[in-house]
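What follows is one structure encoded as structure tokens, with my remarks underneath.
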Amino acid sequence: MKSSRKPMPSRFSFQLALPRGYKATDAVHFHGRDKEAVSEVVTDVALRKGILLDGVPTVFDIEFEPLKASVLIQGVAEPALPVRQRRPLEGAREAGRGWASPAGPAAKKHAACTVSADGKLTDAMRAQARDIVLGLLGLRLDPRRFAAFVAADPIFGPLAKKQKTLRIVQASSVYEALTWAVMGQQINVAFAVTLRRTFIQLAGRRHSSGLWCYPSPADAARLPIEELTSRQYSRSKAETILRLSALVASGELDLVESAANPVESICAALLAVKGIGPWTVNYAMLRGFGQPDCSLHGDVAVRSAIGRLWGLETRPGIAETEEFLKRYSPHRTMAAAHLWASLSAKAY
């Protein structure tokens, strides 16, 4: 007779050193897209995100630290300071969400991370969690390399100096980045966020804390298409997401980079999927794999930013933009990020 007892929850914590001058602005912006906070909760000094690890619902609590590590208990962060010296996180959604040291933003040197799982955390899952945090905080690409590359460039030189701390923040998985890119095809960010929230609540799994975890390919593939089309998805967009999910879930489409499956092979396989084009693939390479040389020449915001910097009344064409961006290889990912950030309203 099978036991009906639920798996015992587990957790582990670790500290991550942050580069000198690191600012969490880009991570806060990217992960705070959905103001309803169904799967991510952000403040100016903390990030909380629901993530499936090997099918187990987990919550990642990340707090940007000054000089001492936090002790995190049941997802509530408390620095090792006397109570009288603590102050609530600015912008916290509810009382007890977290605490910050009076040392202030200038002193922040570490990120204290705790992963709370509704089940057992294996050594492999712990290693995966550490790797995910690097992407969530935008620590895979060093912005200083691009800054040095464009130091004398008349367009990007001034941008890199103005936006010194700009970083490429990633999704928690390549699959999440891909499906987010499909959702964002030819619509504005606000509508894409609504579609993303719908997708999470239809196919995701809920952690015991109440936060939703982004769907697995297998869970998404089981969705009837009408569940999406009846909730503002176009039929073509719904078909693409379900098709992609089924291919990944079955193993026919392998998104795991390896010596036998390099990024170039993954890109070719993705382009063979109906509904996925070069823009979607390049965006997924940027947000999913953290590839340094993704050309976002098909991105409307990138082209608009170039047009503005060139003093044009209209944005340049895709071919012209592609040719222009070639000058900045092998750093076209950071070039796109700086172009996005140069606009008054950030894109994606």
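Bear in mind the structure is a predicted one, so any value in this text is a computation, not a measurement.
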Are R315 and W310 in a cation-pi contact, defined as NZ or CZ under 6.0 Å from the six-membered ring centre and within 45° of the axis? no
State which residues pass ring pair (Phe, Tyr, Trp, His ring centres under 6.0 Å) with F146; sequence neighbours excluded, sorted by chain then number. F156, H338
Decide yes or no for C213 and I51: does some side-chain heavy atom of the first lie under 4.5 Å from some side-chain heavy atom of the second? no
Pairing residues for F289 by the ring pair (Phe, Tyr, Trp, His ring centres under 6.0 Å) criterion, not counting sequence neighbours: none
Counterpart residues, side-chain contact (heavy atoms from CB on, under 4.5 Å), relative to I318 (two or more places apart): H297, R303
Side chain to side chain donor-acceptor pair (under 3.5 Å) contacts touching residues 122-134 (sequence neighbours left out): D131-R140
Contacts of E40 meeting side chain to side chain donor-acceptor pair (under 3.5 Å) (sequence neighbours excluded), chain-then-number -> K49, R196
Give the intermediate values and the outcome of salt bridge (charged side-chain N to carboxylate O under 4.0 Å, His left out) for residues E239 and R235. CA-CA 6 Å; E239 287 175 344; R235 189 165 191 87; 3.5 Å; yes
Residues 141-158 vs salt bridge (Lys or Arg N to Asp or Glu O under 4.0 Å), sequence neighbours excluded, gives D142-R144
Is any side-chain heavy atom of L228 closer than 4.5 Å to a side-chain heavy atom of L195? no
Hey, are D219 and S216 close enough side-chain-wise for a donor-acceptor pair under 3.5 Å? yes
Under 3.5 Å side-chain donor-acceptor pair for S230 and E226: no
Within 45° of the axis and under 6.0 Å from the centre of the six-membered ring of Y233, does NZ or CZ of R231 qualify? no
A side-chain contact here means heavy atoms from C-beta on lying under 4.5 Å apart; do I155 and F324 qualify? yes
